Amino acid sequence: MLRNFSVLGLLCVVTSGAARGSCANCCAKLASSLPGKVFSPDSAAYEASLASYWALQEQLITPSCIVSPTTAIDVSTALKIIVPDSCKFAVRGGGHGTAVGVANIEDGITIDLRGIDTIVLSEDKEQVAVGGAATLGDVYTYLAQYGVSIPGARAAGIGVGGSTLGGGFGYFAPSQGLAADSVAEYEVVLANGDIITANQQSNSDLWRALKGGGSNFGIVTKLTFNTFPLGEVWAGDVFFSVSNETVQSTATALYNFASNPDYDENASVFVLYAYQNAPVVLVEYTYTAPVVDAPVFDEFEAVPGQLLNTTAVTTIPTLSASSQAQSPSGFEQITFAMTFVNDEQMILEAYNIMIAASSKLTGVAGAAIGLTLRPIVPSMIRPDDVLGLEVPAQGLIQTIGSVQFNLTADYSLMNNVADQMLSDLEAAAKRLGVYNRYIDMNHAKTEQKVLEGYGSQNYELLKAVAGKYDPKGVFQNLMPGGFKLLWVEFYILAPFDSSDH
Ligand SMILES: Cc1cc2nc3c(=O)[nH]c(=O)nc-3n(C[C@H](O)[C@H](O)[C@H](O)COP(=O)(O)OP(=O)(O)OC[C@H]3O[C@@H](n4cnc5c(N)ncnc54)[C@H](O)[C@@H]3O)c2cc1C
Ligand SMILES: *[C@@H]1O[C@H](CO)[C@@H](O)[C@H](O)[C@H]1NC(C)=O
Ligand SMILES: *[C@@H]1O[C@H](CO)[C@@H](O)[C@H](O)[C@H]1NC(C)=O
Ligand SMILES: *[C@@H]1O[C@H](CO)[C@@H](O)[C@H](O)[C@H]1NC(C)=O
Ligand SMILES: *[C@@H]1O[C@H](CO)[C@@H](O)[C@H](O)[C@H]1NC(C)=O
């Protein structure tokens with residue numbers, strides 16, 4: 001497979017022929033300490049775990065064994081075996097990540113957290129404690145019965161843990177901030193197996209670092225969110241027939257929407273410019289109250305050429321399920337992210353860059369590419385997270401690239417298509433003077449330097465917190481998947497020595 005982690009071959013490695021057995025010893029120890037919770041290749045539970053990843057490239061990675069903890073103590077037990085033996089591992093939450101090897105590992109141990117999924121609402125309904133791999137669909141559905149919600153990501157199958165560790169932009173960001181901003185407390189299993197809680201009073205540096213810092217500090221087994229009251233919403237998609245006029249008027253409407261000084265915090269919109277056999281223009285609306293066609297959307301609603309309009313009064317569980325249904329699993333998926341200062345010319349350039357890339361799709365089975373443009377407005381920003389977002393009055397436009405196709409054989413071709421779009425977007429933004437350093441971890445491409453994009457102060461904070469809670473750099477060295485602090489440097493500073501434990 002072309003997805004190979006160069007530096008990682010340092011630990012727990014043998015020659016490729018025997019590769020699947022390279023962590024056999026770790027797997028055997030895990031199986032005896034966690035009976036019934038460790039699955040080897042060819043078992044039904046192992047196959048089912050792999051089949052449940054969203055992206056095909058993650059499904060095709062074959063770990064030496066899969067550990068399936070159901071409690072924080074199980075996770076602790078697993079780390080106390082894996083770490084002293086220097087076995088490589090991956091941590092899987094909702095399995096919706098797209099970066100190479102983000103939540104699965106060839107010849108290593110994959111810790112599949114899906115058994116840690118309880119959802120407990122406090123008596124006053126003001127907080128909900130959610131297991132580290134509960135899905136957003138389950139959380140939204142549970143909370144809707146009580147008239148409350150949390151500001152999480154959109155599609156139902158996404159893991160609360162993974163998406164919240166990366167920030168988490170969703171339906172409610174304009175009024176509630178990001179998912180990470182609503183977390184009052186995390187329960188975390190550290191590299192040495194200690195189970196600790198982090199909140200504003202206790203381990204507050206870790207609490208802050210987890211608000212966007214990803215999987216660099218520990219395995220999160222519980223997240224306690226502050227809830228907010230929520231009833232019905234108005235939402236849906238409008239597809240347009242594509243003409244120059246549609247593209248121009250959606251670009252103008254998006255610019256004006258995101259730069260509106262009287263931004264309506266119940267409203268959110270994103271514009272998708274895509275290509276799947278033909279160009280596609282789509283606007284997705286959400287209004288977090290049951291108000292049909294709120295005036296804030298007037299300019300979008302005046303865009304000519306509506307083909308299909310699914311907007312309706314609905315609920316978040318329904319919306320989240322339909323968002324998932326529109327994004328089926330089992331395809332090869334490459335995503336990337338970049339951000340620019342809201343600018344109409346740049347929005348049009350994004351469309352043109354996407355169209356230019358579409359010329360490369362001929363002959364690629366099931367090929368679809370898209371750029372989703374999502375406003376980041378000042379009301380989304382909260383002081384506690386580590387994303388370092390600074391939003392000018394006209395807003396930022398978060399740009400998510402996606403490249404989907406059927407066959408592994410097309411991976412390197414399509415990887416080039418993604419790289420070309422990303423570098424063209426970055427070059428255009430720099431040329432127009434609207435480049436912004438923020439990169440959304442939840443959609444970043446493998447090689448993108450997400451954490452550096454949080455600004456040097458936040459980056460230094462993240463390194464200090466990692467050094468304090470994980471002095472050996474276990475989450476950089478033994479767990480390569482995801483967006484990491486300088487893990488090679490950590491390795492040099494803190495080599496593994498099993499006699500330490
Ligand atoms: C259809 C679709 C829609 C999406 N919509 C949105 C959206 O609206 N907003 C948004 O922000 N993102 C969105 N995303 C992106 C999504 O948030 C990321 O892919 C996220 O990383 C998924 O988390 P996961 O737990 O499902 O994935 P996984 O692939 O299981 O995990 C992702 C990363 O998080 C780590 N991780 C997961 N759980 C834990 C844990 N408990 N402790 C420590 N590390 C953990 C994993 O090791 C891995 O590095 C969407 C993705 C898809 C496929
Ligand atoms: C937009 O205009 C350009 C030239 O002005 C033309 O080449 C292109 O085909 C038009 N696109 C659409 C979708 O009409
Ligand atoms: C947003 O919706 C809530 C709930 O209906 C409502 O109380 C609030 O006034 C709305 N905000 C705006 C700006 O309209
Ligand atoms: C959806 O279609 C209806 C009926 O044509 C129209 O009144 C409404 O404005 C449309 N909504 C949007 C968001 O475009
Ligand atoms: C791509 O895969 C999908 C889902 O399996 C299938 O429906 C479609 O026909 C495939 N496309 C091509 C061109 O092979």
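Worth saying up front: this structure is predicted, and the values here are computed from it rather than measured. Indexing begins at 1, ligand by ligand and atom by atom, following the structure's order.
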Protein contact of [atom] - nearest heavy atom, named by residue and atom, plus distance:
{"atom": "atom 4 (C) of ligand 4", "value": "N309 ND2, 4.6 Å"}
{"atom": "atom 8 (C) of ligand 3", "value": "N266 ND2, 3.7 Å"}
{"atom": "atom 5 (O) of ligand 3", "value": "A289 CB, 3.5 Å"}
{"atom": "atom 7 (O) of ligand 4", "value": "D293 OD2, 3.9 Å"}

Looking only at heavy atoms, is any part of F300 under 4.0 Å from ligand 4, and if so is it the side chain, the backbone, or both, or is it neither?
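Neither part.
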Flag the pair R114 and D112 as a salt bridge only when some basic side-chain nitrogen lies within less than 4.0 angstrom of an acidic carboxylate oxygen.
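Salt bridge between R114 and D112, a charged N being under 4.0 Å from a carboxylate O: yes.
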Looking at every heavy atom in both K360 and L413, which two are closest together, and how far apart are they?
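Answer, listing the atom of K360 first, then L413: O-CD2, 4.4 Å.
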Minimum heavy-atom separation for S249 to P304, with atom names?
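Result for this residue pair: OG-CD, 3.8 Å.
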Looking at atom 11 (N) of ligand 3, tell me if a protein heavy atom falls under 4.0 Å from it.
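Protein heavy atom within 4.0 Å of atom 11 (N) of ligand 3: present.
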Using a distance threshold of 4.0 Å (strictly less than), state whether atom 14 (O) of ligand 4 has a protein heavy-atom neighbour.
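So far as the 4.0 Å threshold goes, atom 14 (O) of ligand 4 is in reach of a protein heavy atom.
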Side chain to side chain contact (heavy atoms under 4.5 Å, CB included) partner of L425, chosen from E349, M354, M346, Q420
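The passing option is M346.
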Does F297 have a heavy atom less than 4.0 Å from any atom of ligand 4?
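The answer is no, since F297 has no heavy atom less than 4.0 Å from ligand 4.
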Answer yes or no for Y263: is there a heavy-atom contact with ligand 3 below 4.0 Å?
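No, Y263 has no heavy atoms under 4.0 Å from ligand 3.
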Any F405 heavy atom less than 4.0 Å to ligand 5:
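Contact check F405 vs ligand 5: negative.
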As an exercise, identify every atom of ligand 5 less than 4.0 angstrom from a heavy atom of A365.
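In order of numbering, the contacting atoms are 12 (C), 13 (C), 14 (O).
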Going from CZ on F225 to CD1 on I119, what distance comes out if it is rounded to the nearest 0.5 angstrom?
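Spacing of CZ (F225) from CD1 (I119) equals 11.0 Å.
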Derivation of the side-chain contact (heavy atoms from CB on, under 4.5 Å) call for Y53 and Q333
CA-CA 11 Å; Y53 285 90; Q333 299 283 354; over 6 Å; no
D117 and T135: CA distance, side-chain angles, deciding distance, side-chain contact (heavy atoms from CB on, under 4.5 Å) verdict:
CA-CA 8 Å; D117 65 349; T135 63; over 6 Å; no
